[in-house]
Amino acid sequence: MTTTPRWRALTHHHLFWPVAVLVLLLLVNVPFTPDFFSIRMTDGHLYGSLVSIVLFGSPLILVAVGMTLVIATGGIDLSVGAVVAITGALACSYLSDQTDQGALSGVLLAMALGLAAAAVCGLWNGFLVARMGIQPIIATLIIMVAGRGVAQLITDGQIITVNSEPYKLIGGGYWLTLPFSIFVVAAVVAVTVALTRRTALGLLVESVGGNAEASRLVGIRSRRIKIMVYVFCALCAGIAGLMISSNTSAADGNNAGLWIELDAILAVVIGGTSLLGGRFSVGGTVVGALVIQTLTTTIYTIGVPTQTNLVFKAAVVIVVCLLQSPKFRAKVFGARRSGAKGGGTPDTSPADAAPAPEAAPRMEVS
Amino acid sequence: MAEPQPVLEMTGIVKEFPGVRALSGVDFRLFPGEIHALMGENGAGKSTLIKVLTGVYSLDGGTITLDGESVRFGSPLHAQHAGISTVYQEVNLCPNLSVAENIFIGREPTRWGRIRWKQLRREAAELVDRLGLDIDVTAPLSAYPLAVQQLVAIVRAVGTGDSDGEGSGTKVLVLDEPTSSLDRDEVLELFRLMRRLRDEGVAILFVTHFLDQVYEICDRMTVLRNGAHVGEHPVGELDQVGLVQLMIGKALGQLEELHDQQLHADVGEPFLRASGLGRTGAVAPFDLEIKKGEVVGLAGLLGSGRTELARLLFGADQPDSGTVTIDGSRIPMHAPNDAIAAGVAFCSENRRTEGLVPELTVRENIILALQAARGWTRPIPAAQRDELVTRYITALDIRPADPEARVGRLSGGNQQKVLLARWLITRPKLLILDEPTRGIDVGAKAEIQKLVVSLSEDGMSVLYIAAELEEVLRLSHTVGVLRDRRLVARIANGPDITTGRILETIASGEDQ
């Protein structure tokens, strides 16, 4: 046994594998872009690959953070991409009707309108899932499909462009030398962590996702909690929608946030939150989203042909998922890791496997 | 009957699951033209035996002989082709299809790949008619109540044998608790059909929890206990008391008295009163009063409705009749929240599926009920939380004494203690314990029983459910006896109350 306790504690930390993958992906870029890690100052703004990864990854991080809570309750939200489109469309179409697009009050109102629409979408999802008992994947499919139509209606099928300095700030501006969106992301992540860990919300969400029937019998009002997380998730998507439309100064009902739900789900999974619900990690999700954004960047920098970049992405994702699976690691690195048994590896512990045989002969339920 | 040949003979049947021997050398015989009851408590191996017979499970040992030929079924379909048809407790039909389609589903009469609808309907109508039923086969199944759907399932099962065998038809019909959700008239209708089939020579294997029904319709019975065959008797030769003794494996007269009166005598004001509380298919309407500081024990065979009764008192299932009054005010019982707010706590018998959240820690599981009552915006302050958790881990001797341990990894006894701790920190007024000592070691068992006594001394009411009658008697001021999903007696505990007396009540259904 050469592994020291400290090393073991490190490798068994829930963020170890996501971070390891992220670092590895970043390093892959160095041979292709030697100054990959360098950050330089131009016109009082910081530039560099790392900054761009965070900047372009901001909407994904936001959406994925909201998705984390939904997945933790055992649900899923496919509608976030459409919510991104609706929010951007509503905010931009309101703004473009203003005579003075630069007025702060108009911009704030446009953003409030967009976010209100997002919240309504979230309420609808939560209502269908928690009140009507519709499976989350079906319930949220409704807005996923219909939402883009709504966005098209708002923009009359056009791409609406706006020309507003204050609005441009959210997704494309700089503040204290850094892209402003990084501050938005940091604020949302901080609020989410505070909301879930400073209050009991996180515990109740994990309980509902971990064992819904036990949660009901312990008196948790799981409907309320579910509605709340769907609204929260939609609001996160809404902020991402503002960010995307702000970055391009345009609302594109068709393409804004297209397929972002899939990347977000992937980010949550890479971050170590199980799709079955229960334990979640907001930090893990942020790392997961950064992994995906880095992967996208890497694909461009190492010059994978455009036709094959989805295949390349898929291959990397498969490797990442396999690396995260304790079962796979046990198989591949089995000999080396056998000594670490019982040290806190997630899932597949003998205690978890035990109930199956116990349950078998109790088939008789009256 | 002059020694006819059994149509079905199972000899030395063994079925093992990892770590458990579900059936150890069970013999079972079934004669043509008889209704044969398979009796036993839950977990005795009835369902396993049926599943081995019908090819759902493979056989680990023993032989099955059907009509003198040794058989071994690889799948339910295989068994069906050989003439063994099964109807399960839940109706497995398609409500959106017509009755005729349901009867012939999967074996529709066809010509050149096309279904011959006219023939299908005609044959279905003939079959229904022959069995003396009045059902329109063209109507969708969903148009009929559950009881009729059950009859259709039987018609389908009988019909399966008819058209598939070489004229042999269904030889064996297995009915696994078909009556559990039927009312009295519907049961009579079912029995009429069963008698008719029996008279046609079909051998019927009938599983039910209702003792009265066994004596009403069956000719013979086989009793299983803990996966072993403990008796085969003509119904007339074994009375209900004898049957119950066989099922639970204890003779009424010979029971050792373990009755130590450590209970305090005085119980206070009424705390909870249920009147006419009931739920169709779960437990018949009952009246029950629980006083402050009183321990009410529930006795009855497994499946007699003990758990169902407890769940109604907690609002885990919604009652469809009756009212619950707690401390003088009526409680709506729409959801567990209502009961919890009134001071009722419920430790389910299914610790893993209805109690704990396995991937959360001991600490999180312990504070869950209290936190749920406070709402998510008011987290329990960390210092107070840690103090509470440590106190209860110590008081109940939960091992490992690590609040960060994942609850799914604890042993059964320790998981039970975590559940108890979860509710005790909410300071409930009534604690419902459903099989709190099941599957845990002797030491933990004694600790939990001691705890119940001391809680009751402190004025907490307890509703205590356990399979062990001695346990119920030792702890309870009052014993409620359930039988066939009915609360049949409430017996005030005293020196002259013995387990034998309770067993007699369970067997006879009346309080002598």
Side-chain angles (χ1 to χ4, degrees), chain A residues 14 69 72 74 194-226 228-229 273-274 276-280 342 344-366, chain B residues 15 17-23 40-48 51 89 177 180 209 227 302-305 314 316 335-337 339-341 346 348 350 352-360 364-365 367-369 371-380 406 408-411 422-423 439:
Chain A
H14 70 275
L69 295 193
L195 198 65
T196 52
R197 298 305 179 196
R198 291 272 154 179
T199 72
L201 187 62
L203 172 64
L204 299 190
V205 162
E206 288 178 335
S207 175
V208 168
N211 189 339
E213 178 61 7
S215 302
R216 186 178 80 90
L217 291 179
V218 89
I220 295 173
R221 297 169 193 276
S222 51
R223 282 178 180 173
R224 265 188 224 175
I225 289 188
K226 281 187 183 167
M228 216 156 36
V229 297
T273 300
S274 162
L276 297 174
R279 280 271 186 240
F280 67 87
T345 22
D347 307 318
T348 62
S349 69
D352 288 336
E358 184 189 300
R362 298 230 177 109
M363 293 283 190
E364 294 181 49
V365 183
S366 60
Chain B
K15 178 67 201 171
F17 295 106
V20 195
R21 192 166 239 230
L23 293 175
E41 292 195 288
N42 282 356
K46 302 185 303 270
S47 284
T48 311
K51 285 182 174 153
Q89 190 175 359
E177 292 206 46
S180 56
H209 275 304
L302 289 164
S304 61
F314 185 64
N337 287 326
I340 292 169
F346 172 63
S348 164
N350 302 313
R352 292 194 72 94
T353 54
E354 295 175 2
L356 300 164
V357 186
E359 59 180 320
L360 296 188
E364 288 167 323
N365 270 286
I367 63 164
L368 205 50
Q371 188 59 66
R374 291 169 67 106
W376 68 271
T377 50
R378 292 170 55 225
I380 306 164
R406 268 179 49 193
R409 302 185 171 201
L410 268 55
S411 71
R422 171 194 286 178
W423 286 112

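Proteins come first, then strands; the chains are lettered A, B, ... in the order of their sequence lines, and each starts at number 1.
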inquiry  = Counting only non-hydrogen atoms closer than 4.5 Å, does R224(A) touch chain B with its backbone (N, CA, C, O), its side chain (CB onward), both, or neither?
reply    = neither
task = Might you point out which heavy atoms bring N211(A) and R352(B) nearest each other, and give the distance in Å?
result = ND2-O, 3.2 Å
key: Most contacts with chain A, counted as non-hydrogen pairs under 4.5 angstrom, among R378(B), K15(B), E359(B)   = E359(B)
query = Roughly how far apart are L203(A) CG and N365(B) CG, rounded to 0.5 Å?
reply = 8.5 Å
inquiry  = Please classify the contact between L356(B) and chain A as side chain, backbone, both or neither, with a heavy-atom cut-off of under 4.5 Å.
reply    = backbone
inquiry  = If you apply the rule side-chain contact (heavy atoms from CB on, under 4.5 Å), what do you find for L360(B) with R279(A), and how did you get there?
reply    = CA-CA 8 Å; L360(B) 296 188; R279(A) 280 271 186 240; 3.5 Å; yes
query = Can you name the one residue among I220(A), T199(A), T196(A) that meets side-chain contact (heavy atoms from CB on, under 4.5 Å) with W376(B)?
reply = T199(A)
inquiry  = Given heavy-atom pairs under 4.5 angstrom as the criterion, report whether the side chain, backbone, both or neither of L201(A) touches chain B.
reply    = both
message = For R374(B), which atoms come within 4.5 Å of any heavy atom of chain A: side chain, backbone, both, or neither?
response = neither
remark   = Between P379(B) and A200(A), the two heavy atoms sitting closest are CB-N, 4.0 Å
query = What is the distance from atom CG of L217(A) to atom CG of L368(B), rounded to the nearest 0.5 Å?
reply = 11.0 Å
Options G278(A), S207(A), A212(A), G210(A), ranked by heavy-atom pairs under 4.5 Å with chain B, top entry = S207(A)
key: Residue pair R221(A) / N337(B), side-chain heavy-atom distance below 4.5 Å   = yes
request  = Grab the two heavy atoms, one from A316(B) and one from R216(A), that are nearest each other, plus how far apart they are.
outcome  = O-NH2, 2.6 Å
